[in-house]
Participant: 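First the structure, which I've put down as structure tokens, then a few questions once you've had a look.
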Amino acid sequence: KAGVTQTPRYLIKTRGQQVTLSCSPISGHRSVSWYQQTPGQGLQFLFEYFSETQRNKGNFPGRFSGRQFSNSRSEMNVSTLELGDSALYLCASNLGTYFGAGDEQFFGPGTRLTVL
Amino acid sequence: SQQGEEDPQALSIQEGENATMNCSYKTSINNLQWYRQNSGRGLVHLILIRSNEREKHSGRLRVTLDTSKKSSSLLITASRAADTASYFCAAANRDDKIIFGKGTRLHILP
């Protein structure tokens with residue numbers, strides 16, 4: 001089975017721009033979660049999607065949004081980029097057997113976003 | 001705030017020795033998971049222990065969970081150079097969110 005894929009792997013943007021990141025989960029996985037990883041804050045949960053619905057959300061501003069398509073692929077969007085949004089964005093998928101994040105999660109390699 | 005807090009933040013040991021990392025969390029959990037990350041890449045799931053379990057083994061890994069102390073430990077026995085990585089605990093809380101700690105950086109010396 002192919003693993004979780006994320007595109008693009010690297011991205012450079014300037015302040016004020018917006019960005020869209022993409023995640024393709026493992027085939028059969030219905031839950032997709034997004035995380036932001038920075039040296040200062042560590043790994044922080046952004047949101048989780050299951051069957052095209054957001055069913056859990058972390059404490060991030062509304063500039064961070066996401067969606068999930070019928071084939072379970074997911075995108076996250078960050079609008080009006082700030083310097084502090086520079087981070088490694090990780091996507092993880094799981095079967096979604098348990099409500100929320102109770103299952104083992106399979107992570108993609110991440111998208112490294114740099115905001116200048 | 002972080003649910004999981006690993007201790008120590010960094011650890012260097014000789015190859016062949018055992019490595020122990022600890023994790024504390026704040027609220028009631030459904031399960032606690034340990035992950036490994038190599039050099040800013042994706043995380044790899046190591047082991048999951050449910051709140052009604054006290055100990056779990058997987059190869060050279062041994063995880064314990066003490067829900068009364070809200071703590072867990074990860075033991076890696078007979079360490080190898082390939083074990084050099086950052087290790088994270090992740091607490092899946094009753095609100096169905098998974099909260100990661102900031103990790104322990106493990107360095108195996110040859």
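These values consider heavy atoms only, across backbone and side chains, with no hydrogens, waters or symmetry-generated copies.
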Participant: Counting neighbours of CD on B/Glu55 that are heavy atoms of other residues, nucleotides or ligands and sit closer than 6.0 Å, is the number greater than 12?
Facilitator: yes

Participant: What's in the same ILVMFWY side-chain cluster as A/Ile12, cut-off under 4.5 Å, chained through other members?
Facilitator: A/Leu116

Participant: Looking only at heavy atoms, which two atoms of B/Tyr35 and A/Glu104 are closest? And how far apart?
Facilitator: OH-C, 4.2 Å

Participant: Indicate, with yes or no, if A/Tyr49 and A/Leu46 share a hydrophobic cluster defined by side-chain heavy-atom contacts under 4.5 Å among Ile, Leu, Val, Met, Phe, Trp and Tyr.
Facilitator: yes

Participant: Sub-3.5 Å donor-acceptor pair from the side chain of B/Lys102 to the main-chain atoms of A/Pro39, do we have one?
Facilitator: no

Participant: With rounding to the nearest 0.5 Å, note down the distance linking CG in B/Leu43 to CG in A/Leu43.
Facilitator: 5.5 Å

Participant: Tell me who clusters with B/Leu75, hydrophobic residues only, linked when side chains sit under 4.5 Å apart either directly or through other members.
Facilitator: none

Participant: Group every Ile, Leu, Val, Met, Phe, Trp and Tyr by side-chain heavy-atom contacts under 4.5 Å, then state whether B/Ile98 and A/Phe107 land in the same group.
Facilitator: yes

Participant: Does the side chain of B/Gln33 come under 3.5 Å of the side chain of A/Gln105 through a donor N or O and an acceptor N or O?
Facilitator: no

Participant: Quick one, A/Asn94 with B/His45, criterion side chain to side chain contact (heavy atoms under 4.5 Å, CB included). Give me CA distance, side-chain angles, the key distance, then yes/no.
Facilitator: CA-CA 11 Å; A/Asn94 66 41; B/His45 182 267; over 6 Å; no

